[in-house]
Amino acid sequence: MTSNDENPLKLFNSLTRSLETYTPIHDGEARVYTCGPTVYNYPHIGNMRAYVFADTLGRALSYKGYALKHVINITDVGHLTDDGDEGEDKLEKMASEKSQDIWDIAKHYTHAYWDDIKALNIRQPAKWSIATDYVPAMIEFAKSIADKHCYLCETGLYFDVSTVEDYGRLARAASDNEAEGRIDAVTDKRNAADFAIWRKTPEGEKRQMEWDSPWGKGAPGWHLECSVMSKELLGFPFDIHTGGIDHREIHHANEIAQNQAIEGCGGLSGCAENSGAKIWMHNNFLIDRAGKMSKSSGEFLRVQLLIDKGFHPLAYRMMCLQAHYRSELEFSWDNLVAAFTRLKRLVMMMERMDRSIEAAEPSHQKLTAPMQKFDAAICDDLNTSIALTALDEVVSMKKIDAAQKLGAIKVMDDVLGLNLMALSRTDLRVRPKDAQLSEEEVEAQLSLRKEAKANKDFPTSDAIRDMLNDKGIELMDGDPLGWEWKI
Ligand code: AMP
Ligand code: ZN
């Protein structure tokens with residue numbers, strides 16, 4: 001595919017609230033910034049939906065022929081327990097609760113996040129930008145906008161949102177009154193929506209992470225970080241900024257205000273680029289019955305928990321792909337089982353093919369229709385659920401040149417990221433943490449059972465089945481997927 005493709009990529013821009021044709025700012029390139037995790041705790045699977053989405057976007061841009069430059073940040077300082085200005089720094093809080101060094105906390109959870117990234121087959125971005133590496137640049141940024149756009153409060157340097165045009169357009173909060181929900185403890189703020197870009201360490205306190213600045217010892221505000229890192233690494237304006245839907249209301253609205261300030265830009269109506277990026281994209285929430293998934297309520301659903309229960313992590317990726325990224329997605333174990341079954345079916349069909357042959361350009365006439373369907377779906381604001389049905393069609397196609405069929409599957413899977421060219425059925429047989437028997441022990445019992453059945457010794461064969469059942473192994477005689485057993 002090339003960037004001059006007759007079917008261009010259309011993406012929903014949260015800022016203009018419309019579907020827009022993607023046209024790169026820099027010829028042939030796509031520069032994308034994704035708001036990364038705050039590394040004070042493990043990410044839950046809802047958080048990971050945001051990165052499956054950003055990855056799918058990046059893969060779609062590569063598929064359409066653009067050279068992708070993707071940056072994801074790691075927030076290791078500045079994110080308060082409330083997205084507004086209330087509360088404590090999430091990392092400082094966790095470090096003091098655990099009596100641990102804050103840098104160790106950041107390192108531990110950054111690596112845990114990267115493990116999940118790998119497990120979900122999310123491609124490495126060109127750059128992981130770590131917020132604390134950019135503090136000097138943040139201070140310079142703040143210095144450049146301080147005179148015209150900021151004022152000092154008791155607690156730090158604040159951004160006056162009335163100094164930029166169209167504040168809150170992204171959040172649909174047309175006036176400051178609509179942002180009134182965000183009242184916080186800072187009483188000397190000029191407008192309710194004003195936010196700290198530098199927070200002073202309170203008199204007599206010592207934070208584990210603090211830096212000298214013209215406004216006193218302290219730490220940068222969370223919103224400042226993303227403005228600075230995206231500007232430094234991608235330059236304003238860049239193509240696409242992504243994040244979860246909750247970022248639309250505060251975090252991205254504030255980033256945009258800062259970006260307008262540093263660039264000396266006017267309003268946003270008719271000129272989205274003044275916001276610092278051309279397109280702002282947001283994934284909707286993963287929810288559970290209780291509502292938006294969070295780290296503090298109910299069972300803490302981490303990727304590792306899914307694995308511990310015997311699910312392959314790509315079953316979760318499949319579950320995400322089955323929904324549109326702009327729709328809410330409800331998590332349930334049944335949904336996950338269904339997604340896992342779909343993945344198993346694909347992998348089983350792939351195993352029946354010879355994946356060692358060289359994939360060829362899919363030019364066969366029979367492949368045209370599903371390839372076009374796939375392309376149209378991806379170009380339609382990343383409609384992965386339809387794209388998956390096109391993949392299903394190709395995978396189950398018979399009497400077709402194997403190399404071309406494999407070529408078509410490869411093209412599709414490069415976008416969907418299900419790792420179909422490599423996954424085997426054995427990979428999918430994930431051993432739950434509480435499994436009582438090893439694979440070898442199960443296999444040994446199964447061959448004993450086969451032998452007993454061959455000898456028409458049904459009592460023995462039944463006894464083996466019951467024994468396996470007792471140990472949590474369900475035998476699947478006659479299973480259409482050809483899986484002989486599961487845990
Ligand atoms: P955080 O580490 O809290 O900054 O969140 C990381 C990313 O996850 C952000 O892009 C959030 O918008 C996103 N996010 C948080 N909760 C959910 C959820 N339940 N479903 C989908 N995305 C979420
Ligand atoms: Zn951000």
Side-chain angles (χ1 to χ4, degrees), residues 11-12 14 17 34-57 72 75 79 81-84 87 90 109 112-113 116-117 119-122 170-173 181-182 241-253 280-343 381-388 416-418:
L11 301 169
F12 186 81
S14 307
R17 299 205 150 71
T34 293
C35 280
T38 306
V39 286
Y40 71 106
N41 201 340
Y42 295 107
H44 58 60
I45 55 173
N47 297 130
M48 296 314 293
R49 186 181 187 201
Y51 308 108
V52 169
F53 152 62
D55 181 52
T56 309
L57 170 68
I72 308 181
T75 296
H79 194 170
T81 45
D82 179 276
D83 275 2
K90 289 186 177 188
Y109 292 113
Y113 165 70
D116 288 358
I117 287 285
L120 294 170
N121 202 26
I122 291 169
L170 183 70
R172 249 188 245 241
R182 291 143 50 183
H241 194 311
T242 82
I245 198 168
D246 50 336
H247 287 350
R248 232 176 31 180
E249 312 306 319
I250 302 177
H251 183 47
H252 289 170
W280 292 77
M281 294 178 74
H282 297 95
N283 64 278
N284 210 324
F285 285 135
L286 180 75
I287 55 168
D288 53 25
R289 287 219 181 100
K292 178 192 167 231
M293 195 156 285
S294 83
K295 296 178 203 203
S296 50
S297 69
E299 189 171 31
F300 189 175
L301 285 165
R302 289 172 52 197
V303 170
Q304 188 57 48
L305 180 75
L306 309 189
I307 299 171
D308 289 347
K309 288 187 187 267
F311 290 94
H312 192 280
L314 288 177
Y316 176 64
R317 185 173 180 117
M318 172 66 97
M319 191 178 143
C320 292
L321 295 174
Q322 285 179 336
H324 193 269
Y325 76 89
R326 282 201 287 130
S327 310
E328 276 188 350
L329 171 60
E330 182 169 339
F331 177 82
S332 71
W333 294 105
D334 285 347
N335 281 350
L336 189 64
V337 168
F340 196 15
T341 305
R342 188 169 188 185
L343 180 66
D381 196 26
L382 311 177
N383 195 333
T384 49
S385 71
I386 302 282
L388 276 168
L416 299 169
L418 293 168

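FYI, side chains are in, hydrogens and waters are out, and symmetry mates aren't considered; it's all heavy atoms of this structure.
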Test your reading of the model: is there a side-chain donor-acceptor pair from [X] to the backbone of [Y], 3.5 Å cut-off?
{"X": "Ser14", "Y": "Trp280", "value": "yes"}
{"X": "Arg49", "Y": "Gly244", "value": "no"}
{"X": "Arg342", "Y": "Val337", "value": "no"}
{"X": "Arg317", "Y": "Ala119", "value": "no"}
{"X": "His312", "Y": "Ala315", "value": "no"}

Side-chain contact test, heavy atoms from C-beta onward, threshold under 4.5 Å: evaluate it for [X] versus [Y] and give yes or no.
{"X": "Leu120", "Y": "Asp55", "value": "no"}
{"X": "Thr242", "Y": "Asn283", "value": "no"}
{"X": "Pro37", "Y": "Tyr51", "value": "yes"}
{"X": "Leu305", "Y": "Lys309", "value": "yes"}
{"X": "Ile72", "Y": "Tyr113", "value": "yes"}
{"X": "Asn41", "Y": "Phe300", "value": "yes"}
{"X": "Leu382", "Y": "Phe53", "value": "yes"}
{"X": "Leu286", "Y": "Tyr316", "value": "yes"}

request  = Take Tyr109 and Thr38, measure what side-chain contact (heavy atoms from CB on, under 4.5 Å) needs, and give me the verdict at the end.
outcome  = CA-CA 9 Å; Tyr109 292 113; Thr38 306; over 6 Å; no
message = Less than 3.5 Å apart, any donor N or O on the side chain of Asn47 or Tyr42 sitting next to an acceptor on the other?
response = no
Sequence-distant partners of Asp116, side chain to side chain contact (heavy atoms under 4.5 Å, CB included), two or more places apart = Pro43, Met48, Val303
